[in-house]
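Protein chains get the first letters and strands the later ones, always in sequence-line order, with residue 1 at the start of each.
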Amino acid sequence: MVTPIALVDCNNFYASCERLFQPALRGRPVVVLSNNDGCVIARSNEAKALGIGMGDPWHLNKEKFAKHGVIVRSSNYTLYGDLSGRVVTVLRAFTPDLEVYSIDEAFLSFEGFSQLDQHARTLRATVLQWTGIPVSVGIAPTKTLAKVANRTAKKTAAMEGVCNLMAPSDQELALSQLGLTDLWGVAGRLAAKLEALGIKTPLQLRDADPSWLREHMGVVMERMALELRGTPCQALTLAVAHNKSIIASRSFGQAVTQRHELEQAVAMHISRAAEKLRRQGLVAGVVMVFVTTNPFRPQDRQYVASRTIGLPVATADTTVLLKAAMLATVRLWRDGFRFKKAGVTLLELSPAATVQGDLWTAPDSPRSQALMKAMDRINAVHGRETVKLAASGIERKWKLRSEQRSPHYTTDWNDLLRVE
DNA sequence: TCTGGGGTCCTAGGACCC
DNA sequence: TCTGGGGTCCTAGGACCC
């Protein structure tokens, strides 16, 4: 028996959130802008009807927006996160088997319900009544088809926000009305590759030989074709896993050309990332720093780079993470470029409790101080070593990466600690 | 002259999503 | 002049090990 999967997706989520607290915005075109008011990240239906696209830069569209009376809001992620939580709370009343996929979407198992459409309509009405947020529901045997169903529900007014694609004939009809890039997981590059192979429509993709697809396009596309046929390849992930990476990054208001400016920005990002890390009760084993020049200025020489530093012991101590980040920054710095964006990524995350308790997470704690001192004494660079952190009484096997394997990955902590 | 090969780990980067 | 930020997964290919 196939388990029906429902994808619940909030309509124009950020725009709907803004409307909630300002009813005057209802019925009018509303757009929400990205962090630095750079570009459009959400649009009400009225704004979409004006031809305003996702990602449209604000500075190129100010006049157009003014002309059409478009209401422009800066984004308020705290508000959106709060409302997202309320929506999820309501959804949990309908089934405990739920995967929160993003801030405005969740996959729900509808296993055991016979009146799927009615159940979805009740859910939709309840969410609207209790939170004020309109949602659409797509029901299908697989996640990929549930995405198709949800899209169809949004596009077809007569469906009133609910589309059930459990029946193969309905799947066929819905797929026939889409292009390749309408599919979840297919954007421009993959679509171009598929077309070069003679696959030009979602139905052709569905009917292609999976093993042939795997050979020419990889395992992801093979799974996609199977999911389009109604064979689930992606289960609901009900347990909430901790993050695998934490990023903090920003674009510069003005291009950065001096190293100290970049270092200052990286220090800020590390501080933010470390806060997130501690808030989630995690420690990081790897620090990466990345920079890019401005791709919208083709007249500039372009440079996109990242450097990765492995730590001898996973930590959430800002001081330690900062030292690693500073070394990475020195290593990727190049004179003569105009940098537009910089950021840090924390990787190899694990719960703090599994790494000698929470002690590492306390900034400037005696244990962290001890770690810093211990790192001073680490000399070995090549081969496998057992790093003894005698000062902290902790011994941990650490496979040191050799410098020959990659110039970007270092465990030369003397080098690291020389960086001021 | 002949010059292994499979398994695994790692990094970098591509591609996508919201 | 001004074009976001935060994530995940996959793979090619180098390096290493035995």
request  = Output the residues of residues 244-262 of chain A in contact with DNA chain C, where contact means a heavy atom of the residue under 4.0 Å from an atom of the strand; sort by number or write none.
outcome  = A:K244, A:S245, A:I246, A:I247, A:A248, A:S249, A:R250, A:S251
query = Which pairs count as ring pair (Phe, Tyr, Trp, His ring centres under 6.0 Å) when at least one residue sits in residues 263-283 of chain A, sequence neighbours excluded?
reply = none
task = Ignoring the backbone of A:L190, work out which of B:dC18, C:dG4, B:dC16 is nearest its side chain.
result = B:dC16
query = Between the side chains of A:T318 and A:R278, does any donor sit under 3.5 Å from an acceptor?
reply = yes
query = Touch check for A:D104, heavy atoms < 4.0 angstrom, all strands: base, sugar-phosphate only, or nothing?
reply = sugar-phosphate
ask   = Starting at CG of A:D9 and ending at P of B:dC18, how long is that distance when rounded to a whole Å?
value = 8 Å
inquiry  = Within the structure provided, determine whether A:T142 and A:V2 are in side-chain contact (heavy-atom separation under 4.5 Å).
reply    = no
note = Note: contacts of residues 59-90 of chain A with DNA chain C (heavy atom, under 4.0 Å) are A:H59
message = Just the rounded figure in Å: distance from P of B:dC16 to CG of A:D182.
response = 14 Å
key: Of all pairs that satisfy salt bridge (charged side-chain N to carboxylate O under 4.0 Å, His left out), the ones with a partner from residues 217-230 of chain A, not counting sequence neighbours   = A:R214-A:E222
query = salt bridge (charged side-chain N to carboxylate O under 4.0 Å, His left out): which pairs involve residues 197-206 of chain A, sequence neighbours left out?
reply = A:E172-A:R206
task = Grab the CG-P distance between A:L277 and C:dG6 for me, whole Å please.
result = 14 Å
Separation of atom NZ in A:K154 from atom P in B:dC18, rounded to whole Å = 10 Å
ask   = Base, sugar-phosphate, or nothing for A:K340, non-hydrogen atoms under 4.0 angstrom?
value = sugar-phosphate
query = With no hydrogens and no angle check, do the side chains of A:T237 and A:E99 hold a donor and an acceptor under 3.5 Å apart?
reply = yes
Atom pairs and distances, side-chain donor-acceptor, residues 47-63 of chain A, under 3.5 Å, sequence neighbours left out:
| unit_1 | atom_1 | unit_2 | atom_2 | d |
| --- | --- | --- | --- | --- |
| A:K48 | NZ | A:N12 | OD1 | 2.7 |
| A:D56 | OD2 | A:G53 | N | 2.7 |
| A:N61 | ND2 | A:P57 | O | 2.6 |

Point-to-point distance, once rounded to the nearest 0.5 Å, from CZ of A:F290 to CG of A:L332 = 10.5 Å
request  = Step through it carefully: locate the ring centre of A:Y303, locate the ring centre of A:W333, and say whether they are under 6.0 Å apart.
outcome  = no
task = Would you jot down, in residue-number order, the residues of residues 196-214 of chain A having a non-hydrogen atom under 4.0 Å from DNA chain C?
result = none
task = Any chance you could measure A:D97, atom CG, to A:L238, atom CG, to the nearest 0.5 Å?
result = 5.5 Å
inquiry  = Any base atoms under 4.0 Å from A:F13, or only sugar-phosphate, or nothing? Heavy atoms, all strands.
reply    = nothing
message = Once side-chain contact (heavy atoms from CB on, under 4.5 Å) is applied, do any residues pair with A:D9, and if so which ones, sequence neighbours excluded?
response = A:D104, A:E105, A:N150, A:K154
query = How far does the C1' atom of B:dC17 sit from the matching atom of C:dG4, given to the nearest Å?
reply = 14 Å
ask   = Is A:R19 salt-bridged to A:E46, going by a charged N under 4.0 Å from an acidic O?
value = yes
inquiry  = Please determine whether side chain to side chain donor-acceptor pair (under 3.5 Å) holds for the pair A:D300 and A:T293, giving the CA-CA distance in whole Å, both sets of side-chain angles, and the decisive distance to 0.1 Å.
reply    = CA-CA 8 Å; A:D300 286 359; A:T293 46; over 6 Å; no
ask   = Taking only side-chain nitrogens and oxygens of A:W58, does any of them come within less than 4.0 Å of OP1 or OP2 of C:dG4?
value = no
query = For A:A149, what residues pass the side-chain contact (heavy atoms from CB on, under 4.5 Å) criterion, not counting sequence neighbours?
reply = A:C163, A:L165
query = When the nearest nucleotide of DNA chain C is assigned to A:Y14 and to A:H242 on a heavy-atom basis, which residue is associated with the more 5' position?
reply = A:Y14
Taking only distance into account, with no hydrogens and no angle test, what donor-acceptor pairs under 3.5 Å do side-chain atoms of residues 245-254 of chain A form with protein atoms, sequence neighbours excluded?
none

task = Under 4.0 Å between any heavy atoms, over every strand shown, what does A:N243 touch: base, sugar-phosphate, or nothing? Just pick one.
result = sugar-phosphate
query = When the distance from NZ of A:K143 to P of B:dC18 is rounded to whole Å, what number comes out?
reply = 12 Å
key: Verdict with reasoning, A:T329 to A:E263, per side chain to side chain donor-acceptor pair (under 3.5 Å)   = CA-CA 7 Å; A:T329 306; A:E263 287 173 345; over 6 Å; no
message = Heavy atoms only, 4.0 Å cut-off, all strands: where does A:L347 land among base, sugar-phosphate and nothing?
response = nothing
request  = Runs of at least three consecutive Watson-Crick or G-U pairs, both distances under 3.5 Å, are what I'm after; which ones involve DNA chain B?
outcome  = B:5-18 with C:5-18
ask   = What's the CH2-P distance between A:W184 and C:dC9, to the nearest Å?
value = 11 Å
Output one line per pair: protein atom, nucleotide atom from nucleotides 11-13 of chain C, and distance, for all N/O pairs under 3.5 Å.
| unit_1 | atom_1 | unit_2 | atom_2 | d |
| --- | --- | --- | --- | --- |
| C:dT11 | OP1 | A:V219 | N | 3.3 |

note = By nearest-heavy-atom nucleotide on DNA chain C, the more 5' of A:R223 and A:F296 is A:F296
task = Could you tell me whether the side chains of A:T315 and A:D317 share a donor-acceptor contact shorter than 3.5 Å?
result = no
key: Whole angstrom value for the distance that separates C1' of C:dC2 from CG of A:D300   = 15 Å
request  = Specify the separation, in whole Å, of atom CE of A:M288 and atom C1' of C:dG5.
outcome  = 14 Å
